[in-house]
There are 2 protein chains.
Amino acid sequence: MKNIELMAKQLKAVSDPNRLKLLACLKKGEVCACDFVDVLNISQPAVSQQLKKLKEAGIIVDRPAGTWKHYRLNEMQQPYIQAIIDHLDEISFQRCDC
Amino acid sequence: MKNIELMAKQLKAVSDPNRLKLLACLKKGEVCACDFVDVLNISQPAVSQQLKKLKEAGIIVDRPAGTWKHYRLNEMQQPYIQAIIDHLDEISFQRCDC
DNA sequence: ATATTATATAAGTAAATAATTATACAGTAA
DNA sequence: TTACTGTATAATTATTTACTTATATAATAT
């Protein structure tokens, strides 16, 4: 895949309000997948699908933790993705007890 | 419109290979709309529609010049858009005689 | 005025997107 | 084992997207 195609794919992954909110939640560190349902106010499968897109674009990574799955930002980002993350205001939310 | 919605709209405008190529062509300065048809290898109306999306997102501006229309990057960009432009390699192309 | 040229808009279409509900899968606990 | 819980996948649907061709608009030239 050409460079510009890869860039377009990554940008497409972040060009959605719900996925930007996911990134905003992740600015402080790891978050349990279950917490996102209340933040976005969409169904659990929808959250799962959005997380998948960010993961496939290499922007976030996951870590299984028993029944749960914790997500965090990839520590290495393309500069243009990092600039987007930097520009997002953090979103605070109610955490589950996992 | 909330901040994050505006951000998503701008990012959506640049999350397409053809529109990224348009920006890459514009890095050096003004370009006549007609030149883009050969660069993207799509129809003239398709080019016109893609330029419109970038313009509506505030990323490029146009300047009528007789029958022609010249496009250039907006001099003020959001930092996350500027980072994308900075990351693009310039594209050189055959210029028309307008 | 008409003809020509560059660009924009309209209408239509195939593919992609983002949600939904239903179901499957995986790990933990009894 | 079975039951329960968190997450992922499948199937469906409405909307959006990015083209196409055809047509309209606007400026220039004759």
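Because only heavy atoms are used, hydrogens play no part in the values below, and waters and symmetry mates are left out as well, while side chains stay in. Quick note on labels: first sequence line is chain A, next is B, and so on, each numbered from 1.
Near DNA chain D, meaning a heavy atom under 4.0 Å away, the residues from residues 30-40 of chain A are A:C32, A:A33, A:C34.
The minimum heavy-atom distance between A:H70 and A:C98, with the atom names listed, is NE2-SG, 4.1 Å.
Rounded to an integer number of Å, the gap from A:K52 NZ to C:dA19 C1' is 15 Å. The nearest whole Å value for the distance from the NZ atom in B:K69 to the P atom in C:dT7 is 9 Å. Atom pair A:R63:CZ and D:dT7:P shows a separation of 12 Å (rounding to whole Å applied). Computed from coordinates, the A:K21 NZ to C:dA19 C1' distance equals 14 Å when rounded to whole Å. A:I42 places its CD1 atom 13 Å from the P atom of D:dA8, with the value rounded to the nearest Å.
For the atom pair CD of B:E30 and CZ of B:R95, the computed distance is 9.5 Å after rounding to the nearest 0.5 Å. To the nearest 0.5 Å, atoms CD1 (A:I91) and CZ (A:F36) are separated by 9.5 Å. Here CG of A:D16 is found 9.0 Å from CD of B:E5. Values are rounded to the nearest 0.5 Å. For the atom pair NZ of A:K52 and CD of A:Q49, the computed distance is 8.0 Å after rounding to the nearest 0.5 Å. In this structure, CD in B:Q50 is found 10.0 Å from OG in B:S48, a value given to the nearest 0.5 Å.
For the pairing with A:Y71, the side-chain contact (heavy atoms from CB on, under 4.5 Å) check across A:L51, A:D35, A:L22 returns one residue only, A:L51. Remark: of the listed residues A:L73, A:N74, A:I59, A:L54, A:L73 is the sole one forming a side-chain contact (heavy atoms from CB on, under 4.5 Å) with A:L26.
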Dump the pairs, protein N or O against N or O of nucleotides 14-18 of chain D, anything under 3.5 Å, distances to one decimal.
{"from": "D:dA18", "atom 1": "OP1", "to": "B:D16", "atom 2": "OD1", "distance (Å)": "3.4"}
{"from": "D:dA18", "atom 1": "OP1", "to": "B:R19", "atom 2": "NH2", "distance (Å)": "3.4"}
{"from": "D:dA18", "atom 1": "OP2", "to": "B:R19", "atom 2": "NH1", "distance (Å)": "3.0"}
{"from": "D:dA18", "atom 1": "OP2", "to": "B:R19", "atom 2": "NH2", "distance (Å)": "3.4"}
{"from": "D:dA18", "atom 1": "OP2", "to": "B:K53", "atom 2": "NZ", "distance (Å)": "2.7"}

Can you pull every protein N or O that's under 3.5 Å from an N or O on nucleotides 25-30 of chain D?
none

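For A:S43 and C:dT20, the shortest distance from a side-chain N or O to OP1 or OP2 is below 4.0 Å. Remark: A:Y71 is in phosphate contact with D:dA8, judged by side-chain N or O atoms under 4.0 Å from OP1 or OP2.
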Requested in this report: Begin with the C-alpha distance, continue with both residues' side-chain angles, and end with the deciding distance and a verdict on side chain to side chain contact (heavy atoms under 4.5 Å, CB included) for B:L11 and A:L20.
Outcome: CA-CA 10 Å; B:L11 290 171; A:L20 286 175; 4.0 Å; yes

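Nearest-nucleotide positions on DNA chain C place B:P45 closer to the 5' end than the other of B:P45 and A:P45. Both A:N41 and B:D97 sit near DNA chain C, but only B:D97 has its closest nucleotide nearer the 5' end.
Cluster annotation: A:W68 is not connected to A:L40 through the hydrophobic network of ILVMFWY side chains, with a link wherever side-chain heavy atoms come within less than 4.5 Å.
For B:Q44, whose side chain is taken as the heavy atoms from C-beta onward, the closest listed nucleotide among D:dA8, C:dT20, C:dT7 is C:dT7.
Summarising the local packing, CD of B:Q94 is surrounded by 12 or fewer heavy atoms from other residues, nucleotides or ligands at distances under 6.0 Å.
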